[in-house]
Amino acid sequence: MPLLDRVELAAVAGRSPSAVYKGIDSLAGERLVASLPHATEQIAPTQRFRLTASGLHRLAELSATTTPALLREHPASEEWLRLLMRRLDGVAVIYRLTAALCEEWFPIRFRWYRSGPADAAIALPDGRTLAIVRCGRTADRTAFARRIGRLRDGPAFSAALLVMPDEVRLGHARRLVAPLPFTCFLAQESHAATASTESQIWRAPSGASAMSLATALGLVSGRGSWGREPTRQRRSPPHSPEPETDDADWRLSSLLKPTEKRTLSLLADWPWFEPGDLESLLGVGRRRVSALTAELQRRGLVTAPRLGGRRRLALTDRALIWLTHRDRTSPADARKRWSASLLKEDAPFEWRNVSGTRTRQLLRHLDHSEAVHGFVGRLAADARSADLAVAQLDPPQRASRYFRHRGRLHSIQPDAFGLLRGPDRYLPFFLEWERRAIRPKTMAARLAPYLRYFEGHRPLDDHGAKPRLLVVLEQDLLASRFMTVARAEMERTDVQIPLFVSDRERIESAGPLGKVWLSGSDWQRHSAFSNR
């Protein structure tokens, strides 16, 4: 298990923390192990350890075997090390989950997978086997569904533990794993990284109540298999530790700070963000954002061209590749969709000259993208002063919902999805920033997908509560007209939508949390985020 930290090592080895700290110091003094720093939003700064080439040779002597045999049987080679380093943020979460498991079941056996649908597997002392599957924040819905399909056709695990990035995708995954031939339990990554086996964070594909990991695995019986991948052809001994100045791509997960990682994740969600909107989402000042983006530009991870007289931020191809390795997605697909590279280096920076299809589309409709970005940035800033937490803000590519209605597949494609939480409030919402709905017929067509979505139980299944639908139009007159059309359509179809309509001027002046929204039949302005 390369790259364990001392806390995790104490748990999986069954040793006291003091003994592990002393042993690691001794091994490091003899240069048998090397350390590297690491931290994420969920995991505090720590030192992670790996064997050096000298350490591997010493282990071979103590085990009465050879170094090639150890390289063949364990993920101890330089190739394995670089693979795990690229995935280090996910590796750390899986190690924390494994350490928690060792509170109840000891000793365990552990296995990493290089290309299998599971990230890792654990064998418990009684013969049960657990697959561990992590879905990264930038993972594509279709690609993750394929991973789950491959899991069904793989080894016969006793159960699977799925670690999901947020509540919405956890709900989607519950439907995906329902047909699997073994039991699955799901938890959010932020919880799995810090919880013990008694924390009630795990959920089954069916049933609303959460349970502890100890309770969940108490429902799992029967020995299982866990499969082994073919041994890699290249099995080089680990190299000497690189100097701290080495900025190799595979070391980025160790070199980047948690705030820098969060910045990259936000720019992956919202390409062409302005620095001011990034300040709002990060909750930091202008100088801090300037320093962050300057450092990320220095590392070749962020580009900041001027478009329309303003500086805008987007990820470079190097950053996209780092994210895809972290989240086990396709670098080629990410670059095809989201690359900010120019097709012709000597041509002007404009939407026609950007290679990524989705980023090109965002630049082509820059006024619309800018309006949505401004809304989510202002919402994040205003929520902090209103005792609300922005638990989730999803861009269009993750805000869409697919559902069946009267035997056919349909979808809604909002401009954003958000989730606000307060002391006694749970407020999911969809955002539609509408510029083209001018005529009543067009307005009715824009509303039709939501009427189909809200007709059934999917909103409750997806979010646990009916999300509000926020529609912003360019002018006050258009907002009033849209509300009139919406009321007529809801009466005609006998489907009620928690609809709130406003206009651009009011949103920009009073903010999304203000009493700027038309709702109901009284033609009064309300707050869309109250308990009414």
Side-chain angles (χ1 to χ4, degrees), residues 37-46 89 92 136-138 165-166 188-190 193-194 247 252-307 309-316 318-320 322-323 326 340 362 369-395 398 416-422 427 431 507-508 510-514 529:
H38 180 245
T40 69
E41 290 183 64
Q42 292 88 22
I43 297 174
T46 186
D89 289 0
R137 175 170 171 158
T138 62
D166 55 60
Q188 287 191 56
E189 179 171 284
S190 58
T194 57
D247 204 17
L252 284 174
S253 292
S254 170
L255 297 173
L256 294 174
K257 299 174 183 177
T259 309
E260 293 170 336
K261 293 178 181 180
R262 188 181 175 210
T263 301
L264 294 177
S265 294
L266 287 174
L267 293 179
D269 287 346
W270 307 100
W272 311 120
F273 236 29
E274 292 183 41
D277 296 327
L278 185 60
E279 290 172 27
S280 299
L281 259 65
L282 287 173
V284 299
R286 181 174 301 179
R287 289 186 178 181
R288 178 62 175 142
V289 166
S290 179
L292 275 171
T293 54
E295 174 62 16
L296 293 173
Q297 283 183 266
R298 186 191 69 79
R299 291 186 184 275
L301 299 171
V302 166
T303 182
R306 295 191 71 84
L307 298 165
R310 299 181 184 179
R311 194 163 68 102
R312 312 201 184 249
L313 305 171
L315 299 184
T316 64
R318 187 187 189 204
L320 289 174
W322 172 72
L323 286 169
R326 182 194 71 179
L362 290 172
S369 301
E370 186 179 85
V372 175
H373 293 174
F375 182 96
V376 298
R378 179 72 180 271
L379 179 67
D382 290 355
R384 279 190 287 272
S385 60
D387 200 24
L388 290 171
V390 180
Q392 194 169 333
L393 274 176
D394 285 344
R398 291 208 306 272
F417 169 80
L419 175 63
L420 302 185
R421 281 202 179 103
L427 305 170
L431 171 67
I507 293 294
E508 291 179 348
L513 299 184
F529 298 98

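For the pair L278/L292, no side-chain contact is recorded, criterion being any heavy-atom separation below 4.5 Å from C-beta on. P275 is listed as a side-chain neighbour of L313, based on a closest heavy-atom distance under 4.5 Å. A 4.5 Å side-chain heavy-atom check between L315 and L296 finds every atom pair outside the cut-off. Looking only at side-chain heavy atoms (C-beta outward), L420 and V390 come within less than 4.5 Å of each other. Proximity of V376 to D277: side-chain heavy atoms (C-beta onward) are nowhere separated by under 4.5 Å.
Across every non-hydrogen atom of A304 and Q297, the tightest pair is CB-NE2, 3.8 Å. Across E260 and L255, no two heavy atoms sit closer than the pair OE1-O, 4.4 Å. For S290 against T293, the heavy-atom pair with the smallest separation is O-OG1, 3.1 Å. Taking both residues in full, the closest heavy atoms of S253 and K261 are given as O-NZ, 2.7 Å, listed atom of the first, atom of the second, then distance. Scanning all heavy atoms of the two residues, the minimum distance from T316 to T303 falls at CG2-N, 3.8 Å. Listed here is the closest heavy atom pair of L281 and G377: CD1-CA, 3.6 Å.
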(request) Just do the side-chain contact (heavy atoms from CB on, under 4.5 Å) check on L307 and W272 with the steps written out, would you? (result) CA-CA 9 Å; L307 298 165; W272 311 120; 4.2 Å; yes
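Considering CG of D166 and CD of Q392, their distance stands at 4.0 Å, rounded to 0.5 Å. Taking CG of L301 as the start and CG of L252 as the end, the distance is 5.5 Å to the nearest 0.5 Å. From E279, atom CD reaches atom CZ of R287 across 12.0 Å, with rounding to the nearest 0.5 Å. Interatomic distance, CH2 of W270 versus CG of D394, reported as 7.5 Å (0.5 Å rounding). Note that CG of L323 is 12.0 Å distant from CZ of R318, once rounded to the nearest 0.5 Å. In this structure, CZ on R288 lies 7.5 Å from OG1 on T263, to the nearest 0.5 angstrom.
Geometric assessment of R326 against the ring of W322 yields a positive cation-pi assignment under the 6.0 Å and 45° thresholds.
Between the side chain of S280 and the backbone N or O of A380 there is no donor-acceptor pair closer than 3.5 Å.
In this view, F375 satisfies the ring-ring contact (aromatic ring centres under 6.0 Å, His included) rule with no residue, not counting sequence neighbours. In terms of the ring-ring contact (aromatic ring centres under 6.0 Å, His included) criterion, H38 has no residue partners (sequence neighbours excluded).
Judged as a salt bridge (charged side-chain N to carboxylate O under 4.0 Å, His left out), the pairs with a partner in residues 372-387 (not counting sequence neighbours) are, in order, R378-D382.
Salt-bridge check for E189 with R137: failed, with every basic side-chain N at 4.0 Å or more from each acidic carboxylate O. E370 has a carboxylate O that lies under 4.0 Å from a charged side-chain N of R310, or vice versa, which qualifies the two as a salt bridge.
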